[in-house]
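Below is one structure, written out as structure tokens, with a few remarks after it.
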Amino acid sequence: MIPGLKDPGLFRTQAFIDGTWTDGAPDTRISVSDPATGGGIALVASVSVAQAAQALDSAAAAWSAWRAQTAKARADVLLDWYRLVLEAREDLALILTSEQGKPLAEALAEIDYGASYIRWFAEEARRINGAILPGHRSDVLLSVRKEPIGVVAAITPWNFPNAMITRKVAPALAAGCPVVLKPASATPLSALALAELARRAGVPAGVFSVVPSRDSATIGTLFATSGVVRKLTFTGSTEVGRLLLAQAAGTIKKCSMELGGNAPVLVFDDADIPTAVQGVLAAKFRNAGQTCVCANRIYVQSGIYTAFAAALSDAVKGLTVGDGRQAGIAIGPLIDEAAARKVETLLADAVGQGARIAVGGQRAGAGGTFFQPTVVAEVTAAMRLVQEEIFGPVAPLVRFATVEEAIALANASDHGLAGYLFSQSPATIERITNAVEVGMLGINTGAISTEVAPFGGVKQSGLGREGAQLGMEDYLETKYVCQQF
Ligand SMILES: NC(=O)C1=CN([C@@H]2O[C@H](COP(=O)(O)OP(=O)(O)OC[C@H]3O[C@@H](n4cnc5c(N)ncnc54)[C@H](O)[C@@H]3O)[C@@H](O)[C@H]2O)C=CC1
Ligand SMILES: O=C(O)[C@H](O)CS(=O)(=O)O
């Protein structure tokens, strides 16, 4: 149980299948722990493959009635879900912080962000328009219709355990598609609370099921290979996304992939230093650096390097580390011991090659997975801090000299999700905007995520877009009709 919930009915530990709360496989449960304390907070059902398959079958059975609903009727259910989520935002944030660790202020922001996707796609549901085409002959009528793709299987990560779910489920339901969701095993409680609120909003049985599982690989294989599933949508690491794409190939399944990132930041000599510092703080340290759009490699032009490094270090020293439920905390715990060890390993590699720790660099506090917000100077491209997604509160600073060098350094990655640029030169901004290989670019800001804009990456950061009008397309099929008079 989570102390302090106003509505204990949102604390759900069973699976939600075909509109019913149900136990999982016997003798198998997911132990959910609080990353701030290491203590256990719940034992959650872990479904069997048969139960996951049953959820898929119930989705297929519910599809025809859900797609037959008018767009307005689906939009009304989504708006009710949106209202209920906002009414429960404090409980949802407390559940989220308890299982994931981010500060409550960030958790509240995530709930609002997640809810914004529900509202956005409630509105988009009524804008799924087709077209009448100018015919190629005078005796035909040509039309193009958008139709729901069918049963959607979704797999989501632990770092945004609310918004990554609504960013998928809301457009799917709006389009007329049923969804079976497998949330991350570290953070199933947020998903189950959303399912309870969807049930209260009137989402019909079978249209939205949640199947937590300790055996992600087996459930993932079922989702990727089942003939019932028409659409697989995944958010998580590139490694798992690659595996799922390969598994889905056998059924030519439509896939959306929101994968790993390695965001470059370019700070030019003409940047406004306070703006650049605030932008890097926002892009680097949100969720203790555990976001896919985090600033991962910070390239600073040589003329501003010393001043920027000093200003950023001073700002980072002011970031407080602690339990996200306490007031004023900026950096919560990392999700688990493995995540903390990875940060230590990357730092040791950098220092071993000559990098210098300017701020932080150690675990914070007595025990646990808290890590000091860290600034590392004199980092080079040869270091793992630059080559790998850090997923921790570490800001590596790399020098560069010219615009051409900055472009080459920024694009020297197999990933291309987000990127950031700080400059006051229109010519530099235009040059970099055109040359940098990313799906999303922040210019003089580190906060870019919104439901109104298409979220996604290029290269090995993924396929497709979420949010915006584009985000609906991933849940639709196009039918062309040629009618002979
Ligand atoms: N592009 C985006 O929007 C986002 C990308 N990410 C990326 O996700 C990663 C961190 O999240 P994690 O949850 O640790 O990623 P992960 O890939 O380990 O897990 C993501 C989800 O996949 C499941 N999973 C794990 N192995 C699987 C398998 N073999 N088959 C099927 N499902 C499997 C997990 O249980 C979880 O639900 C980072 O690389 C981050 O960049 C995270 C959030 C957003
Ligand atoms: O990085 C992620 O996990 C999310 O996509 C973060 S965001 O959408 O809030 O930027």
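Numbering of ligands and ligand atoms starts at 1, following listing order. For reference, positions follow the sequence shown, starting with 1.
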When you measure from the heavy atoms of Arg286 to every atom of ligand 2, does any distance fall below 4.0 Å?
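So Arg286 counts as touching ligand 2.
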
In terms of atom number and element, which parts of ligand 2 are under 4.0 angstrom from non-hydrogen atoms of [X]?
X	result
Asn159	1 (O), 2 (C), 3 (O)
Phe455	5 (O), 8 (O), 10 (O)
Met164	4 (C), 5 (O), 8 (O)
Arg167	5 (O), 8 (O)
Val293	1 (O), 10 (O)

[Y] and [X] side chains, donor-acceptor separation under 3.5 Å:
X	Y	answer
Asp474	Ser256	yes
Thr221	Gln247	yes
Asn162	Glu110	no
Asn262	Gln387	no
Lys459	Ser461	no

Taking heavy atoms and a distance under 4.0 Å, where does Thr291 meet ligand 2: side chain, backbone, both or neither?
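For Thr291, backbone and side-chain atoms both sit under 4.0 Å from ligand 2.
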
Taking only heavy atoms of [X], which atoms of ligand 1 are found under 4.0 Å from at least one of them?
X	value
Ser237	7 (C), 8 (O), 9 (C), 15 (O), 16 (P), 17 (O), 39 (O)
Asn159	42 (C), 43 (C)
Gly260	39 (O), 41 (O)
Glu258	1 (N), 2 (C), 3 (O), 4 (C), 5 (C)
Thr235	2 (C), 3 (O), 4 (C), 5 (C), 20 (C), 43 (C), 44 (C)
Gly220	31 (C)
Leu417	1 (N)
Phe391	10 (C), 38 (C), 40 (C), 41 (O)

I'd like to know whether ligand 1 has [X] as a neighbour, heavy-atom separation below 4.0 Å.
X	value
Phe223	no
Met257	no
Pro183	yes
Trp158	yes

Among all protein heavy atoms, pick out the one at the shortest distance from [atom]; state its residue, atom name and that distance to 0.1 Å.
atom	result
atom 26 (N) of ligand 1	Val240 CG2, 3.6 Å
atom 29 (N) of ligand 1	Leu243 CD2, 3.4 Å
atom 37 (O) of ligand 1	Thr156 O, 2.6 Å
atom 11 (O) of ligand 1	Pro157 CB, 3.7 Å
atom 7 (C) of ligand 1	Gly236 O, 3.1 Å
atom 4 (C) of ligand 1	Cys292 SG, 3.1 Å

Counting heavy atoms only, which of [options] comes nearest to [atom]?
atom	options	result
atom 28 (C) of ligand 1	Ala186, Gly241, Ala217	Ala217
atom 32 (N) of ligand 1	Ala263, Ala184, Ser216	Ser216
atom 39 (O) of ligand 1	Glu389, Gln247, Gln290	Glu389
atom 3 (O) of ligand 1	Arg167, His415, Met164	Arg167

Would you say Arg465's side chain and Gly457's backbone share a donor-acceptor pair under 3.5 angstrom?
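Yes: the side chain of Arg465 pairs with the backbone of Gly457.
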
One thing to verify: whether Glu123 and Arg127 come together as a salt bridge, which I'm taking to mean a side-chain N less than 4.0 angstrom from a carboxylate O.
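Judged by the 4.0 Å cut-off on N to carboxylate O distance, Arg127 and Glu123 do not form a salt bridge.
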
Trp158 and Phe391 aromatic ring geometry - parallel, tilted or perpendicular at 30°/60° bounds:
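Correct class here is perpendicular.
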
Would Cys292 count as being in polar contact with ligand 2, using the rule that some N or O on each side must be under 3.5 angstrom apart?
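Cys292 vs ligand 2: N/O contact under 3.5 Å present.
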
